[in-house]
Amino acid sequence: MFGARRRTLAWAVAFLASLCPGSAGAGGPLVSLEHSLDARGRFMRALPSLRLDRTLTPLREVPAARLPALQPLTMVGMGADSSVVTSHRYEVPLLGLEVLMAVGPSSRGLAAVDGSVVGVKPWTAKAATVLLPGFGLRAVERRWQFSGRMRPVVSVFWADADVASGGGWTATDGSAVSVAAGLRVELEACRRLDVHQRACLLASPSLYEFQPLGAFTVALRWESNAL
Amino acid sequence: MNRLSSSALGLPLLLALVTTGCAFEADSSERPGVSLKLSDPPAPLTRRRNAVVMEGCILDTWQRASLEAPAARHLVQEVVLLCPALRTSGEVDPVDDSARRAVAQTVADLRLQGYRVFLGVTFADPLDTPYAPDALLGALSDGAFRDRAASALLTWSSLADGVELAFFSLPSEARPHLTSLVGAVSAAFRGRSTTPHLGLFVPPSVQSPSDVPGGDAFDVTALAPFVDRLRLMTVDFSCCHPPGGPTTEPGWAVDVLRFHRAKVGTFPVDVTFPLYGHDFGPHGDRPVTYLEATALAATTGALPARGPTQALHFDYLDGLGLPHTLWYDDALSSEIALRSWDAALPGDVGVLFYGLGAEDPLLFPRLARAVP
């Protein structure tokens with residue numbers, strides 16, 4: 001048991017040591033801070049299970065409810081991210097943020113809450129995601145760079161919803177909202193533009209985000225290590 | 001190195017993820033919503049005790065074909081023939097033997113197909129219009145009338161499996177007298193060796209005093225012990241001029257049920273789903289069948305749209321250029337309504353489909369596929 005602990009400790013020390021300048025042989029700074037901006041599109045397999053607040057219609061009171069996952073949705077938006085890279089191989093994504101809004105035609109998603117028909121308007125959907133620190137690896141081949149990362153995220157998704165009240169709709173009190181933690185994989189291919197900048201294509205399947213394999217994100221990204 | 005780093009960082013991250021995910025999801029105050037996305041094959045619907053109401057004593061060929069079809073036989077257990085009428089004299093029409101024989105033959109035909117058959121008795125004059133409030137009140141408050149009515153209804157009940165009292169538009173002052181009448185009928189029925197079924201159509205109140213005409217005449221708490229079933233008339237939700245609205249509202253029907261269940265507990269109760277629509281015009285509204293509605297849409301070039309409850313509606317101008325709005329249900333909107341009820345209504349609550357013959361011909365086949 002103690003032997004295993006010692007081995008783990010040795011590996012951890014070795015890893016931390018690898019972060020120190022001078023411990024690797026590659027050229028350039030051994031530890032660099034990188035940042036990026038991107039335009040991204042995201043396909044969601046289904047709308048998340050949204051929380052609906054209690055709503056008073058002219059007809060009745062509809063209690064707070066958890067709506068089921070509804071139809072697929074496509075969103076576009078922007079993202080910003082940052083990471084620390086060491087030894088040109090190990091990458092620790094730090095904090096990132098993405099904001100998205102729904103695009104494309106979509107019909108009202110219907111659900112029933114306590115007997116009343118509820119219509120979610122996917123075309124009003126918006127999402128914000130905080131990308132949390134994770135871990136990744138990268139490989140550089142001349143002007144090309146390939147990397148893979150895994151990182152947790154916290155996402156907020158919200159959309160407007162109405163409750164049927166006879167021949168008319170009544171808007172709910174506030175948007176229907178879902179907040180969830182998730183886990184994403186990011187696979188990236190970049191081409192160096194100059195010493196500091198790269199243009200990248202990012203593909204990011206969500207292992208879990210509101211649901212298993214819930215979303216797939218594609219982004220065109222500009223990266224820089226110039227502070 | 002890679003293996004160590006992945007496990008050292010990945011494991012805590014995964015644990016954090018799972019714990020935060022659980023924290024986000026837990027909230028016991030939320031009701032679960034039900035998806036109304038329709039699929040093929042359809043998702044299963046709760047099997048309920050279903051009945052149909054047919055206005056009239058004799059089936060036309062369309063109605064007969066509907067009830068003979070496997071889909072209806074799979075879905076529906078009871079048929080209510082809404083045709084005998086209680087008069088202020090205490091008699092129940094039709095009184096002539098040939099008419100009663102025809103009714104008995106219809107009942108026998110339906111029983112052969114496996115249905116239980118009840119006779120829905122209205123309280124109306126020979127022109128099939130409701131009596132004036134004074135006439136109703138005068139009759140109901142007369143003990144001799146109640147005895148004659150109970151006796152006549154007992155006779156009618158022997159033609160079928162029982163009787164359903166479908167008294168509409170009663171004045172509020174009739175409340176104690178209606179209870180007495182139903183009590184007298186119940187006593188007459190329960191004196192028989194084989195007790196016929198006695199049901200009661202009840203206006204769709206959601207509050208007390210009632211918010212619907214005639215609702216206060218029904219003291220449901222006092223009436224329930226006398227009958228076997230209460231049929232809540234959750235139809236004609238919208239009234240009476242353009243823009244009108246859907247014939248029923250699933251959420252409203254849930255509230256009607258809860259209002260009555262609060263009074264009678266787990267007493268057997270049905271909610272009603274209309275098979276007909278309404279044409280709202282400047283001079284009032286009239287019921288329309290699905291086929292009439294679709295024909296009107298085609299004739300006038302109107303494009304039906306779906307309302308919030310998914311009932312169809314369209315506007316048109318009549319021959320005088322007057323504006324009308326027509327609301328009606330098709331198989332899809334009916335399935336949406338029944339799915340809305342699926343989680344909100346207890347499984348012992350039945351559904352009474354009102355107006356056999358007015359429905360979308362695809363309705364029963366569609367529902368039959370969803371009900372196991």
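By convention in this document, chain letters (A, B, ...) are assigned in the order of the sequence lines, proteins followed by strands, and residues within each chain are numbered from 1. For clarity, every value in this text was computed on a predicted model and none was experimentally measured.
Taking every heavy atom of both residues into account, A:Gly167 and B:Pro308 meet most closely at O-CD, 3.6 Å. The two atoms that bring B:Ser35 and A:Leu70 nearest to each other are OG-CD2, 4.0 Å, heavy atoms only. Taking all atoms of both residues into account, the shortest heavy-atom contact from B:Pro250 to A:Gly115 is CB-O, 3.1 Å. Between A:Ala164 and B:Glu249 the shortest heavy-atom distance is O-OE2, 3.3 Å. The two atoms that bring B:Ala344 and A:Asp114 nearest to each other are CB-C, 3.6 Å, heavy atoms only. Contact detail for A:Val113 and B:Gly33: the closest heavy-atom pair is CG2-CA, 4.2 Å.
Ranked by heavy-atom pairs under 4.5 Å with chain B, the first of A:Gly168, A:Gly119, A:Ala69, A:Gly109 is A:Gly168. When B:Ala343, B:Pro32, B:Pro246 are compared by the number of non-hydrogen pairs under 4.5 Å with chain A, B:Pro246 comes out ahead. Put simply, of B:Arg258, B:His313, B:Lys37, the one with the most heavy-atom pairs under 4.5 Å next to chain A is B:Arg258.
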Show the numbers, then the answer: is there a side-chain contact (heavy atoms from CB on, under 4.5 Å) between B:Trp252 and A:Thr57? CA-CA 11 Å; B:Trp252 166 71; A:Thr57 75; over 6 Å; no
Between B:Val254 and A:Arg60, does a side-chain contact (heavy atoms from CB on, under 4.5 Å) hold up when you go through it step by step? CA-CA 10 Å; B:Val254 170; A:Arg60 66 195 301 250; 3.7 Å; yes
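Residue contact with chain A, scored on non-hydrogen atoms closer than 4.5 Å, involves the backbone and the side chain of B:Thr309 alike. In this structure, chain A has a heavy atom under 4.5 Å from the side chain of B:Ile336, while its backbone stays farther away.
Between the side chain of B:Glu30 and the backbone N or O of A:Ala64, no donor-acceptor pair lies under 3.5 Å.
Annotation: A:Arg138, atom CZ; neighbour count of heavy atoms from other residues, nucleotides and ligands within 6.0 Å is above 12. Other residues, nucleotides and ligands contribute more than 12 heavy atoms inside 6.0 Å of the CD atom of B:Gln207.
To the nearest 0.5 Å, atom CZ of residue B:Arg306 and atom CG of residue A:Leu110 are 10.0 Å apart. Once rounded to the nearest 0.5 Å, the distance linking CD of A:Glu61 with CG of B:Asp255 reads 9.5 Å.
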